[in-house]
Amino acid sequence: MFEFSLRQVALCGQQPWEEPGELAEPPSDLAAVIGTNGDQFRDSFTRLCLYLARTYDDAPQTRTDDTVVIGTEYGNTEALTRLQLGALADGKMLSAKHFPNATSSSASAFVNIGIGATGRNLTLNAGLLTPVIAIWQALYALAADRSSTSKVLVGDVYSAEALLDAKREANGLRCRSGLTHATFVKGREFRADFDFTADHDAVVALGAQIGSDKSIDRNGAFVTADFLDVIQKLDVGEQSVLTCRGPLARRGALTVTRQNFDTVGNGGLGE
């Protein structure tokens, strides 16, 4: 059991009618907010992570002990693919000078440096269970006094290579690009209870659901934003459940109960 307050939630993603792939219209002020330095290493996913972390929460004036948790299935696959194909085309060996910018966790490093966070830095891929696991890690950091603030980024920006990989699994889930950014802080506004008991129902559909409402998105950004929006509207004593199911009976459930109304200023969903 964890207690927490929620400071803000923001979602940036494709609309339901858009074709799967990258965002057709990234935020118009993207370059102004994050600059262009290092773009030879930063792909669309990394840039969007940094943009949300800088835009939808107070920009710290000094270094902080904030924890940054990024939950993603494909991360900066685009940058890795570009690096490999470039080396192949040039007939060159991959050089160590490109690392750590050529790792699947470089987005979290860019975010930590970009917002001056010195706390825990974590990138995780739990497949379809990613939303629940990412929030669990963020709240654990608060409970263990590692940080007073945990920033969570959940989602994917699907490159062509990521889409090819995702389509290998016939689960019928839609691949919309999107990213949710939320800020969790110490408080007693909500109580979170986690359950990772294996799901032995062989006929249950894979993916995520809030209560009995099933999500049709593979990308956990959308169900994460919806769930955090739902809990902000709960009355004291009410609760909501987010359940994520993956292959091999993997299951993660998060039950959040409203305990009181803190004075923490909660933001709404980003446009």
Side-chain angles (χ1 to χ4, degrees), residues 1-13 27 33-34 48-72 107-108 110-122 124 130-155 178-194 210 220-236 238-240 242 254-271:
M1 185 272 286
F2 300 98
E3 292 181 326
F4 69 96
S5 291
L6 184 62
R7 193 159 71 198
Q8 66 81 34
V9 183
L11 168 66
C12 183
V33 170
I34 69 172
L48 192 57
C49 283
L50 186 54
Y51 174 83
L52 288 174
R54 283 186 170 177
T55 305
Y56 286 100
D57 200 7
D58 295 333
Q61 302 303 310
T62 59
R63 291 187 178 276
T64 70
D65 69 345
D66 292 359
T67 284
V68 175
V69 178
I70 296 182
T72 178
S108 58
F110 275 114
V111 171
N112 273 47
I113 294 170
I115 65 174
T118 61
R120 192 180 185 199
N121 178 300
L122 175 65
L124 63 89
T130 294
V132 171
I133 302 292
I135 295 174
W136 175 50
Q137 289 289 343
L139 297 184
Y140 176 78
L142 299 181
D145 287 327
R146 294 189 175 187
S147 300
S148 57
T149 300
S150 285
K151 296 178 180 293
V152 175
L153 291 140
V154 174
L179 198 67
T180 287
H181 173 235
T183 305
F184 298 85
V185 296
K186 289 186 176 181
R188 301 193 62 190
E189 188 178 9
F190 301 102
R191 186 184 77 242
D193 296 281
F194 293 87
I210 301 171
F222 299 97
V223 75
T224 299
D226 288 343
F227 180 70
L228 296 179
D229 185 41
V230 166
I231 69 170
Q232 291 182 89
K233 298 173 182 175
L234 294 175
D235 288 328
V236 173
E238 291 184 332
Q239 61 182 207
S240 184
L242 170 64
L254 164 59
T255 301
V256 172
T257 305
R258 163 80 76 170
Q259 297 190 135
N260 56 50
F261 292 91
D262 276 2
T263 57
V264 174
N266 291 341
L269 289 178
E271 296 298 329

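Every heavy atom of this structure was used, including side-chain atoms; hydrogens, water molecules and symmetry mates were not.
When side chains are defined from C-beta on, Arg7 counts as touching Thr149, because their heavy atoms get closer than 4.5 Å. For the pair Val132/Leu242, a side-chain contact is recorded, criterion being any heavy-atom separation below 4.5 Å from C-beta on. In this structure, the side chains of Phe227 and Pro131 stay at 4.5 Å or more apart for every pair of heavy atoms. Proximity of Asp193 to Gln239: side-chain heavy atoms (C-beta onward) are nowhere separated by under 4.5 Å. With contacts defined as side-chain heavy-atom distances shorter than 4.5 Å, the pair Glu238/Lys233 does not qualify.
With sequence neighbours excluded, the residues satisfying side chain to side chain contact (heavy atoms under 4.5 Å, CB included) with Arg188 are Glu3, Gln259, Asn260. Phe184 meets the ring pair (Phe, Tyr, Trp, His ring centres under 6.0 Å) test with Phe4; sequence neighbours excluded. Remark: Asp65 pairs with no residue by the salt bridge (Lys or Arg N to Asp or Glu O under 4.0 Å) rule, at least two apart or across chains. The side chain to side chain donor-acceptor pair (under 3.5 Å) search around Thr67 returns Ser147, not counting sequence neighbours.
Residues Leu11 and Ala221 share a closest heavy-atom pair of CD1-O, 4.2 Å. Of all the heavy atoms in Cys12 and Pro27, the pair that sits closest is SG-CG, 4.0 Å. Scanning both residues, Val236 and Phe261, for their nearest heavy atoms gives CG2-CE1, 3.4 Å. Minimum heavy-atom separation, Tyr56 to Ala10: CG-CB, 3.3 Å. Ala143 and Phe2 make their closest contact through CB-CD2, 3.5 Å (heavy atoms, listed as atom of the first residue, atom of the second, distance). Across all their heavy atoms, Thr72 and Gly155 have their closest contact at OG1-O, 3.0 Å.
Residue Glu189 holds its CD atom at 10.0 Å from CG of Leu234, rounded to the nearest 0.5 Å. From Ile210, atom CD1 reaches atom CG of Leu254 across 10.5 Å, with rounding to the nearest 0.5 Å.
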Could you go through residues 133-140 and list every donor-acceptor pair under 3.5 Å that involves a side-chain atom there, pairing it with any protein atom two or more places apart or in another chain?
residue	atom	partner	partner atom	Å
Gln137	OE1	Arg120	NH1	2.8
Gln137	OE1	Arg120	NH2	3.2

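Under the salt bridge (Lys or Arg N to Asp or Glu O under 4.0 Å) criterion, the residue pairs touching residues 130-147 are Asp145-Lys186, with sequence neighbours excluded.
Between the side chain of Arg258 and the backbone N or O of Gln232 there is at least one donor-acceptor pair closer than 3.5 Å.
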